Amino acid sequence: MANPETPVQTNFVKQIINEHNKTGRFANRVHTRFPPEPNGYLHIGHAKSICLNFGIAQEYGGQCNLRFDDTNPVKEDVEYVDSIKEDIRWLGFDWEDREYYASDYFETLYEYALTLIRDGKAFVCELTAEEIRQYRGTLTEPGKNSPYRDRSVEENLDLFQRMRSGEFPDGSRTLRAKVDMASPNLNMRDPVMYRILRAHHHRTGDAWCIYPTYDWAHGQSDSIEGITHSICTLEFEDHRPLYDWYVDQLGIHHPQQIEFARLNVTYLVMSKRKLLRLVQEGIVDGWDDPRMPTISGLRRRGFTPASVRDFAERVGVAKKESTIDMALLEHCVREDLNAHAWRVMGVLDPLKVVITNFPEGETEQLEAVNNPEDESSGVRSVPFTRELYIEREDFMEDPPGKFFRLAPGREVRLRYAYIIKCEEVIKDADGSITELRCTYDAETRSGMPQANRKVKGTLHWVSATEAIEAEVRLYDQLFSKEDPGDTDEGLDFLSNLNPDSLQVIRAMVEPSLAEAMPGKHFQFERKGYFTVDTRYSKPGTPVFNRTVTLRDTWAKVNKQ
RNA sequence: UGGGGCGUAGCCAAGCGGUAAGGCAUCGGCCUUUGGAGCCGACACGCGCAGGUUCGAAUCCUGCCGCCCCAGCCA
């Protein structure tokens, strides 16, 4: 690529690339890849990697491939490849026609293996899995050579071909690279390249009964695709010498592997194993449950692609293992939704208010702004009637000093409407409040001169007779500990589940919401951002997922 | 105790020998018909610790300490 731009905002990966461009190692070419294994749904950690890989390609005028690392048929499935593609597209990235699969290279990989065998660099081993482990040695003691290590090239060639043709039972033989059993790096102690495995592969079907291991497949796949920078996570750092060894032995294009620290976020579990358990044990409502840190879960919860990309940008890229504060993720959605979500009013916990001096049976249409952050979003009308609902928590019979809301004898403003005064509190036999009797000041409708009168607070409200009922799902963290993996003796992460992570309620919302489209985002004024559920919502009976609450300084003050 | 990494604020993260960017969080104030948003301000005499080199060190050297990863025919 000619004249790649040097990005202003830097990180160590870009610095390495800049250095390569300076020395011309890859002829100023930048070609990355995102290599998911299709054995689970993508999560926010993958989003970081996707943004990094596609982002870097974009910045340097290069390309990023999508490559499924499908070398282990027992765990992989097309369901996962479909979801992965959908999620990457949703995030806003495009791999164009570069959709590849490691399984596309099985034949080439096989040829490469033959080359290593011919060069005396690989051999067919008949040690069992257990024996291989014993021969490998330990962290502090060197391993021992396999008794099969010195077979002739001819014998190895013959045996390997017979492995492929299915002459041997599963697990009975492996093809191993001849590196160094005394290496202090265990990955170099004659690593396995192929295992015999009779499993149906989601793409190659039953064509193969030998499958390449990650180490043998990954670097060569990168090389075949002309990848320049193979970005992966820290745990592969120890594999880099082997990555380098394979491409060097083969004498093929040599990409640079670069490792960065994977993303961790407080209150979230990120391992595919744990996420799978949550799904399989029915603890959540599938991979896209709005409490899941999966991309599909975040999407259903109401996160936007821009907010996730912004988050990925803000967490940075480094080699230090870190755990990002959940508050940053929440900040990113709020920022995006604040700018784009239309405001509406919805009362989550209704308390009836009767405006005693407002005519019975009359409906007044009042004008409400759709989004104060965006003039072009216009206005809508909301019906005002004699009977209303306000939020139960917006009234207190005996309020503390800093309470700005409604109380006996106090005035408060109803958003877009009038200033009302609480005249009487009606209770049932148990003493709980069932209704408030208020009067309104007809001169204070929004827009009127008298409307500027100072009152302590403004409440959201809804017409009791015109509002519609809607299901609202209030979500909280799935886990009650910042580190869900921090458990007591003998317990696993499930012991840290938050029993109140989902609360389903019936709320009263303004009538304009009746036909709200699934996936559409709203701000329920003073309460939070809500998104119409894509699974359970139906025209006329909307279901809302609470994406995130609004920042609530009152709640903070109240707690102290 | 072999090898590979990493330590800068509560959480991230720039910095690359010339005297500690930025974001989130937090705390003040202003403004506000969302206790939202916005705006202004505060927030490391200090860069894991201890020595050393230098006119000058978070940056270079030495030695410690702490944390993470590796003994799958998973990726």
Side-chain angles (χ1 to χ4, degrees), chain A residues 9-11 15 35-37 39 69 71-72 74-75 125 127-129 132-134 136-143 170-176 183-189 191-197 210-211 213-215 217-218 232-241 259 261 266 272-273 313-332 334-335 338-339 343 345 369 372-373 402-405 413-417 419 444 446-447 451-460 523-529 549-558:
Chain A
Q9 173 62 47
T10 188
N11 61 49
Q15 287 185 353
E37 182 188 9
N39 70 342
D69 219 334
T71 56
N72 185 6
V74 310
K75 289 185 176 176
C125 184
L127 253 23
T128 64
I132 286 182
R133 190 180 318 135
Q134 282 162 1
R136 185 153 34 223
T138 68
L139 295 178
T140 51
E141 301 156 22
D170 285 12
S172 63
R173 270 153 240 242
T174 55
L175 182 73
R176 295 225 262 161
S183 171
N185 180 345
L186 304 213
N187 295 120
M188 302 299 270
R189 322 246 260 227
V192 170
M193 296 166 63
Y194 279 95
R195 69 273 207 182
I196 302 175
L197 194 60
I210 57 172
Y211 289 95
T213 56
Y214 165 84
D215 284 309
H218 202 91
C232 61
T233 43
L234 252 30
E235 66 270 27
F236 292 104
E237 209 150 19
D238 285 339
H239 294 244
R240 183 163 18 114
E259 312 84 12
T266 55
K272 281 191 189 173
R273 201 198 103 250
E313 185 63 39
R314 292 193 196 214
V315 298
V317 180
K319 299 195 73 151
K320 184 171 82 171
E321 300 198 51
S322 61
T323 302
I324 278 43
D325 193 330
M326 182 70 204
L328 179 60
L329 218 205
E330 295 185 338
H331 173 265
C332 291
R334 286 196 187 105
E335 191 173 72
N338 175 54
R343 273 59 171 171
M345 292 194 285
V369 170
E373 308 292 323
K402 281 286 199 337
F403 189 79
F404 301 158
R405 285 110 95 142
R413 186 191 309 277
L414 292 184
R415 180 126 239 234
Y416 307 121
I419 291 173
T444 58
S446 285
N452 293 328
R453 241 173 65 203
K454 284 286 175 204
V455 286
K456 333 174 195 298
T458 301
L459 307 186
H460 61 281
Q523 182 195 101
F524 285 13
E525 295 210 37
R526 304 209 308 135
K527 298 306 312 182
Y529 294 98
T549 60
L550 247 32
R551 283 191 64 203
D552 188 349
T553 51
W554 163 245
K556 221 175 285 174
V557 170
N558 208 18

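The sequence lines fix the lettering, A, B, ..., with proteins before strands; numbering per chain opens at 1. In this text, all values refer to a predicted model and were calculated from it rather than measured experimentally. Computed over heavy atoms, backbone and side chain alike; hydrogens, waters and symmetry mates excluded.
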Test log, rule side-chain contact (heavy atoms from CB on, under 4.5 Å), inputs A:L127 and A:R136: CA-CA 11 Å; A:L127 253 23; A:R136 185 153 34 223; over 6 Å; no
Interatomic distance at C1', B:rG35 relative to B:rC30, whole Å: 15 Å
Touch class at under 4.0 angstrom, heavy-atom based, for A:Q523 against every strand present: base
Sugar-phosphate, base or nothing in reach of A:V317, heavy atoms under 4.0 Å: sugar-phosphate
Nearest listed nucleotide, side chain of A:F404, among B:rU34, B:rC70, B:rG35: B:rG35
Sugar-phosphate only, base, or nothing, as touched by A:R551 at under 4.0 Å among non-hydrogen atoms: sugar-phosphate
Distance-only donor-acceptor test (3.5 Å): side chain A:Q15, base B:rC16: yes
Nearest-Å distance once atom C1' is located in both B:rC31 and B:rG38: 8 Å
Selected nucleotide, minimal atom distance to A:W554 side chain, candidates B:rU34, B:rG36, B:rG35: B:rG35
Any strand: nucleotide that pairs with B:rA71 via Watson-Crick or wobble, under 3.5 Å: none
Sugar-phosphate only, base, or nothing, as touched by A:K456 at under 4.0 Å among non-hydrogen atoms: nothing
Side chain of A:D238 - closest among B:rA14, B:rC69, B:rU34: B:rC69
Strand partner of B:rU26, provided both Watson-Crick or wobble distances fall under 3.5 Å: B:rA42
Sugar-phosphate only, base, or nothing, as touched by A:R405 at under 4.0 Å among non-hydrogen atoms: base
Donor-acceptor pair (no angle test) under 3.5 Å: A:S446 side chain, B:rU33 base: yes
Heavy-atom side-chain contact between A:V315 and A:L328 under 4.5 Å: yes
Base-pairing mate for B:rU54 - Watson-Crick or G-U, with both contacts under 3.5 Å: none
C1' spacing across the pair B:rC73 / B:rG3, given as an integer number of angstrom: 23 Å
Nearest-Å distance once atom P is located in both B:rA14 and B:rU8: 11 Å
P gap between B:rC11 and B:rA71, integer Å: 29 Å
Pairwise 5' ranking along RNA chain B for A:R314 and A:K402, keeping only the more 5' one: A:R314
Side-chain donor or acceptor of A:S183 paired with backbone N/O of A:M188 under 3.5 Å: no
Touch class at under 4.0 angstrom, heavy-atom based, for A:R343 against every strand present: base
Nucleotide opposite B:rG66 in a Watson-Crick or G-U pair, distances under 3.5 Å: B:rC6
A:R413: partners by salt bridge (Lys or Arg N to Asp or Glu O under 4.0 Å), with sequence neighbours left out: none
Shortest side-chain distance from A:E237, nucleotide among B:rG3, B:rG5, B:rA13: B:rG5
Side-chain-base donor-acceptor pair under 3.5 Å for A:E313 and B:rG23: no
Rounded distance [0.5 Å steps], CG in A:D170 versus CD1 in A:I210: 12.0 Å
Phosphate-side-chain proximity, A:T553 and B:rG36, N/O vs OP1/OP2 below 4.0 Å: yes
Nucleotide B:rC11, atom P - distance to CD1 of A:I324 in whole Å: 11 Å
Listed nucleotide nearest any side-chain atom of A:H331, set B:rC12, B:rC24, B:rG36: B:rC24
Nearest atoms (heavy-atom pairs only) where A:V192 meets A:R176: CG2-CD, 3.8 Å
Identified side chain to side chain donor-acceptor pair (under 3.5 Å) partner of A:H460 from the options A:R526, A:R343, A:K527, A:E525: A:R526
With sequence neighbours excluded, residues passing ring-ring contact (aromatic ring centres under 6.0 Å, His included) with A:H239: A:F236
Nucleotide nearest A:F403 (side chain, heavy atoms from C-beta), chosen from B:rG35, B:rU8, B:rU34: B:rG35
Sugar-phosphate, base or nothing in reach of A:K272, heavy atoms under 4.0 Å: nothing
Touch class at under 4.0 angstrom, heavy-atom based, for A:T323 against every strand present: sugar-phosphate
Nearest-angstrom distance, P atom, B:rC39 to B:rC65: 49 Å
Same-atom distance (P) from B:rU33 to B:rG41, integer angstrom: 24 Å
5'-most by nearest nucleotide on RNA chain B - A:E525 or A:R334: A:R334
Any donor-acceptor N/O pair, A:N185 side chain to A:D238 backbone, under 3.5 Å: yes
B:rU26 to B:rA37 separation - P atoms, rounded to the nearest Å: 10 Å
Listed nucleotide nearest any side-chain atom of A:K320, set B:rU33, B:rG36, B:rC6: B:rC6
Chi angles and distances behind the side-chain contact (heavy atoms from CB on, under 4.5 Å) call for A:N72, A:L197: CA-CA 9 Å; A:N72 185 6; A:L197 194 60; 4.2 Å; yes
Please list, pair by pair, any protein nitrogen or oxygen found under 3.5 Å from a nitrogen or oxygen in nucleotides 71-75 of chain B.
unit_1: B:rA71; atom_1: O3'; unit_2: A:R136; atom_2: NH2; d: 3.3
unit_1: B:rA71; atom_1: O2'; unit_2: A:R136; atom_2: NE; d: 3.2
unit_1: B:rG72; atom_1: OP2; unit_2: A:R133; atom_2: NE; d: 3.4
unit_1: B:rG72; atom_1: OP2; unit_2: A:R136; atom_2: NH2; d: 3.1
unit_1: B:rC73; atom_1: OP1; unit_2: A:R136; atom_2: NH2; d: 3.3
unit_1: B:rC73; atom_1: OP2; unit_2: A:R136; atom_2: NH1; d: 3.2
unit_1: B:rC73; atom_1: N3; unit_2: A:G171; atom_2: O; d: 3.3
unit_1: B:rC73; atom_1: N4; unit_2: A:L127; atom_2: O; d: 3.0
unit_1: B:rC73; atom_1: N4; unit_2: A:A129; atom_2: N; d: 3.1
unit_1: B:rC73; atom_1: N4; unit_2: A:G171; atom_2: O; d: 3.1
unit_1: B:rC74; atom_1: OP2; unit_2: A:R195; atom_2: NE; d: 3.0
unit_1: B:rC74; atom_1: OP2; unit_2: A:R195; atom_2: NH2; d: 2.8
unit_1: B:rC74; atom_1: O3'; unit_2: A:R195; atom_2: NH2; d: 3.4
unit_1: B:rC74; atom_1: O2'; unit_2: A:N72; atom_2: ND2; d: 3.0
unit_1: B:rA75; atom_1: OP1; unit_2: A:T71; atom_2: OG1; d: 2.6
unit_1: B:rA75; atom_1: OP1; unit_2: A:R195; atom_2: NH1; d: 3.2
unit_1: B:rA75; atom_1: OP1; unit_2: A:R195; atom_2: NH2; d: 3.1
unit_1: B:rA75; atom_1: OP2; unit_2: A:Y214; atom_2: N; d: 2.8
unit_1: B:rA75; atom_1: O3'; unit_2: A:D69; atom_2: OD2; d: 3.4
unit_1: B:rA75; atom_1: N6; unit_2: A:H239; atom_2: NE2; d: 3.3

Sugar-phosphate only, base, or nothing, as touched by A:A451 at under 4.0 Å among non-hydrogen atoms: base
Integer-rounded Å distance: B:rG38 P and A:E335 CD: 7 Å
Enclosure of A:E313 CD (heavy-atom neighbours >12, cutoff 6.0 Å): no
Nearest-nucleotide pick for A:P372, side chain only, options being B:rA14, B:rU33, B:rG36: B:rG36
Where the chi angle of B:rG72 falls, syn if within 90° of 0 and anti if not: syn
Pair assignment for B:rA37, Watson-Crick or G-U wobble, requiring both distances under 3.5 Å: none
